[in-house]
Asker: 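Starting off with a structure, shown below.
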Amino acid sequence: MRLFDTLSREVRELHPIDGKTFRFYCCGPTVYGPAHIGNFRTFVLQDVFRRVLEIGGLATRHVRNVTDVDDKTIRGANEAGQPLEQFTGHWLELFERDAAALGLLPPHVQPGAVAHIPQQIDMIQRLLDRGHAYQSGDGSVYFRVASFEDYGRLSHLDQRELKHGASTTAGSGADRPAADPAAAAAATANDADEYDKDSVADFALWKRHKPEDGGIAWDSPWGRGRPGWHLECSAMIEHYLGTDFDLHSGGVDLVFPHHENEIAQSCCAAGGSFARHWFHINHLMVDGGKMSKSLGNLHTIDDLGARGHDPMAVRYVLLSGTYRRPLNFTLDSLHDAGSALARLGKFAAALQRRADQPAPGYEELRGLGGELADSRFGPSWQALNEDLNTPAALGRLFTAVRKVKPDQLQPAEAARLWRAFQALVHGALGLTLPVPAADGAPADSATNADAPDDVKSLADRRWQAKQDRDFGLADNLRAELLAAGWQVMDRKDGYDLNPAP
RNA sequence: GGCGAGGUAGCCAAGUGGUAAGGCAGAGCUCUGCAAAAGCUCCAUUCGCGGGUUCGAUUCCCGCCCUCGCCUCCA
């Protein structure tokens with residue numbers, strides 16, 4: 001498959017370094033609160049990426065970390081009066097529940113920072129030994145950005161620009177344009193949080209313990225404290241994937257400084273060339289703007305579920321735009337996604353009936369890429385392999401769906417197509433389709449039971465009138481039912497009552 | 001201020017130097033007593049605005065307007 005690489009800014013073919021297993025690392029969630037659908041855009045795209053490799057026949061090793069110690073988790077745990085592990089464990093559990101609902105394959109390894117403190121201390125020591133880090137007077141350890149020539153290559157910021165930014169910050173905004181409150185605020189926060197550094201661009205590897213951290217601290221050769229955020233990824237990557245691995249991924253906002261800092265730490269501590277390919281997913285917007293808690297548009301799987309939206313519809317929406325561009329999420333698009341999925345579900349049911357085969361599980365679908373490529377769904381599969389173009393894949397899927405008439409296929413042909421369809425939709429895209437109501441059965445039998453008795457008797461009278469071909473009376477009774485708030489819809493052998501819209 | 005992404009039908013959204021995928025919504029038809037559901041068909045001479053290059057531009061170049069992101073711990 002081909003994929004855009006942030007570092008080279010080119011679409012490049014992917015090959016595993018060892019020729020067998022594609023090994024990749026994804027920056028995972030910080031577990032201090034509920035994950036929102038913007039977070040999940042990144043994880044869903046990473047999931048489809050992995051699925052495309054696996055359906056294509058490649059083995060993968062997927063490592064996704066959990067950030068379980070940082071400013072936010074410490075603050076949250078202390079405010080909740082809970083031990084850090086209990087606090088983060090709770091949010092991790094909810095994250096995994098949402099991830100499962102969205103159809104995400106669990107990573108092969110899901111390491112947390114807290115469980116890898118020794119590895120991080122070891123890496124800091126090596127950086128100090130090699131002269132890439134220094135201990136400041138306050139007991140923190142910083143990485144010396146100036147010691148790494150390639151710093152800024154990933155984000156395409158050169159050191160000159162970074163220094164310029166640094167001097168502006170140090171000047172307390174005196175030479176900063178007045179109309180830039182966000183940058184001014186960032187500079188203020190920066191002044192408050194970081195000090196005693198040789199250069200403002202330098203970042204913390206080890207943060208000395210502060211009173212507000214409470215009891216959350218670890219012993220180190222440099223005193224009590226905790227590791228810096230960037231370090232956990234570098235240390236765990238080295239531990240689980242080594243110094244050279246195939247791909248690193250995360251949201252676009254991580255390009256700088258997080259991934260830039262990881263590269264610096266890892267290359268300086270261990271040598272090696274770190275990630276061969278960088279896969280960054282652009283942000284999700286809501287109603288045309290940035291998501292934010294204050295605007296009340298920070299949706300979670302729970303919120304949307306309470307409004308009656310299926311997690312699979314969320315997944316569909318997240319796949320409906322290309323990962324390299326911002327995607328605009330609206331409740332309308334979520335509703336549309338539900339309709340689109342229902343249509344696919346009906347097609348799937350018809351095809352499966354004709355094929356007379358059970359739905360294959362994910363493991364059975366792995367490696368079916370070749371078969372899929374040769375099927376009617378080949379163009380859709382091709383779109384996924386060409387820079388993970390999920391919207392084009394969905395478009396071509398519907399084009400194929402409209403052409404195929406399941407009832408007119410030979411059973412053997414239907415069976416082949418069913419496998420290809422499943423490999424694409426369930427395997428690669430990771431969509432679980434809604435099962436349409438069986439023909440002749442009530443669409444929602446619970447709804448009829450929910451109706452009050454007088455409504456039910458009214459509906460029965462209408463059904464009888466219809467059987468008697470007294471359509472005038474039947475229509476009058478239908479109007480009465482509607483006035484009472486119930487809509488009646490006929491089936492061949494009965495009717496369904498639903499609350500009127 | 002620096003760097004970057006983008007403005008495509010009512011909404012969401014692909015794409016290409018050769019004349020605009022797809023989904024949803026909408027309309028028509030078929031089928032049903034009528035509805036609904038389902039299936040089929042239709043639905044942008046046009047791609048923010050103004051120039052330029054070209055036989056030809058939505059696609060390349062220049063300018064302008066607007067939106068969004070990053071610029072030190074946010075996926």
Side-chain angles (χ1 to χ4, degrees), chain A residues 9 26-30 35-43 45-46 67 70-72 145 155-158 161-162 164-166 168-169 175-177 179-180 182-183 186-187 189-190 193-194 200-204 207 228-230 249-258 260-261 280-285 288-291 316-317 320-322 324-330 332-341 343-344 346 379-380 383 389-399 401-402 405 436-437 439 443 466 469-472 474-475 478 487-492 495-496 498:
Chain A
R9 292 179 168 176
C26 302
C27 286
T30 301
H36 55 72
I37 55 173
N39 297 311
F40 280 116
R41 181 185 190 192
T42 298
F43 303 133
L45 265 296
Q46 289 164 344
T67 296
D70 78 322
D71 291 348
K72 293 188 294 275
V145 165
S155 47
H156 305 99
L157 299 168
D158 65 35
E161 288 174 66
L162 292 164
H164 176 73
T168 309
T169 302
D175 53 350
R176 172 175 295 277
D180 198 349
N190 190 51
D193 192 42
E194 310 277 14
V200 183
D202 294 350
F203 56 91
K207 303 171 104 164
W229 173 44
H230 314 297
S249 176
V252 270
D253 53 312
L254 297 184
V255 173
F256 186 89
H258 186 56
E260 201 70 73
N261 292 353
H280 288 108
I281 294 96
N282 215 313
H283 276 308
L284 187 72
M285 305 198 305
K290 189 176 182 173
M291 260 190 308
Y316 185 100
V317 172
S320 70
T322 45
R324 287 215 261 158
R325 292 193 202 173
L327 174 65
N328 188 26
F329 179 92
T330 64
D332 278 350
S333 59
L334 190 57
H335 177 264
D336 296 351
S339 303
L341 282 171
R343 210 178 120 197
L344 287 178
K346 281 165 192 152
S380 184
N389 193 332
T390 50
L394 289 171
R396 295 172 185 187
L397 167 63
F398 276 96
T399 301
V401 160
R402 202 169 42 198
K405 301 281 173 271
D439 211 25
K466 178 179 157 159
R469 304 195 70 78
D470 184 352
F471 298 122
D475 287 348
R478 184 208 291 279
Q487 190 173 46
V488 63
M489 290 192 213
D490 289 338
R491 300 190 316 271
K492 279 174 184 156
Y495 59 87
D496 292 321
N498 294 302

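Each chain gets a letter, A, B and so on, in the order the sequences are listed, and its residues count up from 1.
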Asker: Give a yes or no answer on whether the side chain of N328(A) reaches the backbone of G288(A) with a donor-acceptor pair at less than 3.5 Å.
Answerer: yes

Asker: Touch check for L254(A), heavy atoms < 4.0 angstrom, all strands: base, sugar-phosphate only, or nothing?
Answerer: sugar-phosphate

Asker: Within the 4.0 Å heavy-atom criterion, would you say H283(A) contacts the bases, only the backbone, or no part of the nucleic acid?
Answerer: base

Asker: At less than 4.0 Å, is any side-chain N or O atom of T322(A) found next to OP1 or OP2 of A14(B)? Yes or no.
Answerer: yes

Asker: With a cut-off of less than 4.0 Å, is there a side-chain N or O of R325(A) near OP1 or OP2 of A14(B)?
Answerer: yes

Asker: The side chain of T42(A) lies closest to which of these nucleotides: A35(B), G15(B), A75(B)?
Answerer: A75(B)

Asker: Just say parallel, tilted or perpendicular for the rings of H230(A) and H258(A), cut-offs at 30° and 60°.
Answerer: tilted

Asker: Would you mind classifying the nucleic acid contact of F471(A) as base, sugar-phosphate or nothing, using non-hydrogen atoms under 4.0 angstrom?
Answerer: base

Asker: Would you say the side chain of F398(A) lies within less than 4.5 Å of the side chain of L344(A), judging by non-hydrogen atoms?
Answerer: yes

Asker: For the backbone of C26(A) and the side chain of Q46(A), can you confirm whether one donor and one acceptor N or O come within less than 3.5 Å of each other?
Answerer: no

Asker: Categorize S155(A) for me: base, sugar-phosphate, or nothing, with a 4.0 angstrom heavy-atom threshold over every strand shown.
Answerer: nothing

Asker: Regarding L327(A), tell me which of base, sugar-phosphate or nothing describes its non-hydrogen contacts under 4.0 Å with the strands shown.
Answerer: sugar-phosphate

Asker: Can you tabulate the close N/O pairs, meaning under 3.5 Å, that link protein atoms to atoms of nucleotides 39-43 of chain B?
Answerer:
from   : atom 1 : to      : atom 2 : distance (Å)
C40(B) : OP1    : K405(A) : NZ     : 3.3

Asker: Considering every strand and a 4.0 Å limit on heavy-atom distances, what is the contact class for G250(A): base, sugar-phosphate, or nothing?
Answerer: sugar-phosphate

Asker: So G288(A), base contact, sugar-phosphate only, or nothing? Heavy-atom distance under 4.0 Å.
Answerer: sugar-phosphate

Asker: With a 4.0 Å limit, can you tell me whether K290(A) has a side-chain N or O closer than that to the phosphate oxygens OP1/OP2 of C70(B)?
Answerer: yes

Asker: Between A13(B), A25(B), A14(B), which nucleotide gets closest to the side-chain atoms of S339(A)?
Answerer: A25(B)

Asker: With a non-hydrogen cut-off below 4.0 angstrom, is D475(A) in contact with a base, only sugar-phosphate, or nothing?
Answerer: base

Asker: Between K466(A) and A35(B), is there a contact of a side-chain N or O with OP1 or OP2 at under 4.0 Å?
Answerer: no

Asker: Students often get this wrong, so: under 4.0 angstrom with heavy atoms, is G395(A) touching a base, only sugar-phosphate, or nothing?
Answerer: base

Asker: Counting Watson-Crick and G-U wobble pairs only, both distances under 3.5 Å, name the nucleotide matched with C40(B), or none.
Answerer: G28(B)

Asker: When all nucleic acid strands are considered with a 4.0 Å heavy-atom cut-off, which category describes N389(A): base, sugar-phosphate, or nothing?
Answerer: sugar-phosphate

Asker: Just by distance, do the side chain of R325(A) and the backbone of N282(A) share a donor-acceptor pair under 3.5 Å?
Answerer: no

Asker: Indicate, with a heavy-atom threshold strictly under 4.0 Å, whether H36(A) touches base, sugar-phosphate, or nothing.
Answerer: base

